[in-house]
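Side chains are part of it too, since the values below use all heavy atoms of this structure and drop only hydrogens, waters and symmetry mates. Worth saying up front: this structure is predicted, and the values here are computed from it rather than measured.
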Amino acid sequence: MQKSESVFRQPLSFALDQALLHLENQDRLAAGATADLDLLRKQLRKELTDDGLDPGQVVAELVHDVEGGILGSAGGRFFGWVVGGSLPAALAADWLTAAWDQNAAMYTCGPAAAIVEEVAGAWLKEVLDLPAQASFALVSGCQMAHFTCLAAARHALLAKRGWDVERQGLYGAPPIRIFSSDQRHGTFERAVRLLGLGTRHIGDLPTDSQGRLHPGALAQALQSNPSAPAIVLLQAGDVNSGAYDAFDQLIPIAHEHNAWVHVDGAFGLWAAASPTYRHLVRGVSTADSWATDGHKWLNVPYDCGYAFVLDSESHRASLAHRAPYLTHDSGARDQMDWNPEWSRRARGFPTYAALRQLGRNGVAGMVDRCCRHAHSLTTRIGRLPGAELLWEPVINQGLVRFLDPSPDATERDHDRRTDETIAAILSTGEAFFGGTTWRGRRAMRISVCSWRTSEEDVERVVNAVARSLTQGRGSESGDSLTEPRA
Ligand SMILES: *Cc1c(COP(=O)(O)O)cnc(C)c1O
């Protein structure tokens with residue numbers, strides 16, 4: 001290395017090479033981990049040195065030592081949880097975000113970052129067909145989007161009853177009732193806990209066979225105590241089935257009773273971007289707040305969720321802060337007025353880049369393609385001998401299970417067979433699927449969320465699952481994938 005070269009060049013160019021090796025070799029890499037807990041600890045637990053190390057050595061050893069512990073979520077054969085890939089422009093922008101090292105708390109400490117968020121927020125509302133006057137926040141994920149939206153809801157509902165929750169706290173405040181189906185995501189409950197609303201105040205409402213709230217049951221619940229403040233959680237894309245609540249029926253009922261309607265659309269809200277699927281979210285734009293993710297279906301790298309609030313005054317009142325040492329530019333949007341964080345990553349850059357790369361049609365195309373692949377994977381795997389289709393995808397989420405062939409097999413045997421088959425598929429390295437318990441039965445989730453999943457991936461994965469089923473558990477297919485690193 002030349003003396004005149006910066007100390008950054010060697011570690012960063014090494015990182016670039018390694019990143020490309022990882023991203024361009026996904027077809028040859030295992031979709032799951034190949035190292036176990038003990039091995040990873042052995043590889044990574046090093047003595048912390050007194051005097052530090054050369055940066056190039058640190059990065060080289062990091063790449064070496066994580067071997068076997070990096071899942072294939074950057075590739076096209078990863079169908080666990082709801083995990084998106086990363087678009088090239090978004091990933092590159094994310095690297096620059098780290099290099100630029102802006103503190104995106106407010107305009108004065110990251111001017112371009114603040115403007116990029118302003119622009120990205122407006123684009124997001126446009127793509128998701130949300131009201132243009134809604135305020136927004138770019139947060140770490142849907143978890144904090146729920147938190148942000150519910151903080152605004154708490155403020156608005158209590159302010160209407162003469163209660164200043166930011167000053168008085170919840171001691172002695174009128175309890176806020178919360179209604180949702182029992183299928184709500186755990187992140188919503190955590191937001192309820194963190195905001196002091198108390199999970200005891202959540203009422204489970206009955207759902208139909210598709211997991212959607214009954215309008216009649218909602219009306220009845222709200223009528224039972226009409227003057228009490230209430231939040232109604234609706235679902236745009238259930239995590240197991242991708243099911244959508246009937247927004248155009250439910251939201252008017254909630255609003256008749258002055259309830260605040262919050263929508264969990266972590267991935268499902270993106271249906272709004274597609275002319276083919278937007279009927280699923282009909283009426284969703286009349287809600288009061290919406291939470292979704294960039295790091296799932298928009299394929300932005302991790303650390304990216306979005307909160308939107310119709311009542312921007314309540315949103316701001318619940319979070320804004322002024323301190324004497326902060327300088328505010330009165331014409332600019334300071335992120336800390338809308339975000340729960342103070343110092344924070346300039347996470348607007350990757351979102352801005354992702355939306356610029358895709359354009360409106362690109363977002364729609366990615367949504368449609370993921371749905372098509374999820375449907376193909378689920379129905380083709382569901383038709384294999386020994387498999388059963390449990391949930392045909394409405395969007396990009398499907399469910400299958402695997403049946404114990406013995407004639408007197410019980411539900412527990414089918415559950416065991418399902419978990420064993422998922423493990424057998426994982427051990428081939430050909431695909432990554434997760435399990436779930438759905439309506440009392442074990443199931444394999446098929447979640448397609450990456451721009452990288454192709455027709456060839458679908459073909460390859462169906463064949464791999466078929467082989468796992470015929471060969472039974474534990475047999476070596478002979479073509480197990482390992483990571484081809486030196
Ligand atoms: C993933 C998910 C969440 C949580 O999102 P994070 O970004 O992980 O915080 C909430 N709701 C649903 C339906 C999800 O799929």
Side-chain angles (χ1 to χ4, degrees), residues 105-107 121 130-131 133-140 142-180 187-203 221-222 224-234 251 254-264 286-291 305-330 332-344:
M106 51 189 189
Y107 175 80
L130 299 178
Q133 76 270 31
S135 52
F136 65 90
L138 275 66
V139 290
S140 58
C142 197
Q143 170 72 78
M144 289 315 284
H146 286 323
F147 178 87
T148 303
C149 292
L150 292 190
R154 188 180 69 163
H155 173 92
L157 290 169
L158 293 180
K160 238 182 253 165
R161 288 157 180 88
W163 193 271
D164 179 352
V165 70
E166 282 73 34
R167 203 175 65 80
Q168 293 168 276
L170 286 169
Y171 305 105
I176 297 176
R177 302 171 308 155
I178 301 164
F179 297 105
S180 90
T187 48
F188 179 81
E189 289 198 11
R190 293 217 309 181
V192 166
R193 281 161 49 184
L194 288 168
L195 288 161
L197 299 174
T199 51
R200 186 163 71 87
H201 297 281
I202 305 179
L222 289 166
S224 73
N225 188 358
S227 62
I231 294 170
V232 176
L233 168 69
L234 300 182
I251 295 176
H255 282 167
E256 234 169 80
H257 296 87
N258 301 311
W260 178 290
V261 179
H262 175 65
V263 176
D264 180 353
T286 60
D288 298 284
S289 59
W290 305 262
Y306 312 123
F308 303 92
V309 181
L310 183 66
D311 175 359
S312 60
E313 280 309 309
S314 292
H315 180 183
R316 191 186 178 110
S318 63
L319 290 168
H321 184 86
R322 286 287 178 270
Y325 73 94
L326 302 171
T327 44
H328 298 272
D329 187 309
S330 60
R333 177 184 183 275
D334 285 326
Q335 296 96 314
M336 59 180 281
D337 287 341
W338 311 97
N339 277 73
E341 307 97 334
W342 199 283
S343 299
R344 61 193 269 281

Enter the distance from [X]:[atom1] to [Y]:[atom2] here, rounded to the nearest 0.5 Å.
X: Leu130; Y: Thr286; atom1: CG; atom2: OG1; result: 10.5 Å
X: His321; Y: Glu166; atom1: NE2; atom2: CD; result: 13.0 Å
X: Glu341; Y: Met336; atom1: CD; atom2: CE; result: 11.0 Å
X: Leu197; Y: Ile231; atom1: CG; atom2: CD1; result: 5.5 Å
X: Gln143; Y: Glu189; atom1: CD; atom2: CD; result: 10.5 Å
X: His315; Y: Asp288; atom1: NE2; atom2: CG; result: 13.5 Å

Quick one: closest heavy-atom pair of [X] and [Y], and the distance?
X: Pro174; Y: Leu158; answer: O-CD2, 3.7 Å
X: Thr148; Y: Pro340; answer: OG1-CD, 3.4 Å
X: Ala254; Y: Val261; answer: CB-CG2, 3.4 Å
X: Trp290; Y: Cys149; answer: O-SG, 3.5 Å
X: Gly169; Y: Trp163; answer: O-NE1, 2.8 Å
X: Pro175; Y: Pro229; answer: O-CG, 3.5 Å

List the steps and the verdict of side-chain contact (heavy atoms from CB on, under 4.5 Å) for Leu310 and Ser312. CA-CA 6 Å; Leu310 183 66; Ser312 60; over 6 Å; no
Given His201 and Ile176, is the side-chain contact (heavy atoms from CB on, under 4.5 Å) satisfied, shown in steps? CA-CA 7 Å; His201 297 281; Ile176 297 176; over 6 Å; no
Angle between ring planes, Phe188 versus His146, binned at 30° and 60°: parallel, tilted or perpendicular? perpendicular
Is atom CZ of Arg190 surrounded by more than 12 heavy atoms (other residues, nucleotides or ligands) closer than 6.0 Å? no
With a 6.0 Å cut-off (strictly less than), is the heavy-atom count around CD of Gln168, excluding the residue itself, greater than 12? yes
Can you list the steps and then say if Leu222 with Arg177 is a side-chain contact (heavy atoms from CB on, under 4.5 Å)? CA-CA 9 Å; Leu222 289 166; Arg177 302 171 308 155; 4.2 Å; yes
[X] side chain to [Y] backbone, donor-acceptor under 3.5 Å:
X: Asn339; Y: Ala105; value: no
X: Trp338; Y: Ala320; value: no
X: Arg344; Y: Leu138; value: yes
X: Arg154; Y: Leu195; value: yes

Could you go step by step and tell me if Val309 and Ser314 meet the side-chain contact (heavy atoms from CB on, under 4.5 Å) rule? CA-CA 8 Å; Val309 181; Ser314 292; 5.6 Å; no
Does the side chain of Val165 reach to within under 4.5 Å of the side chain of Leu157, using non-hydrogen atoms? no
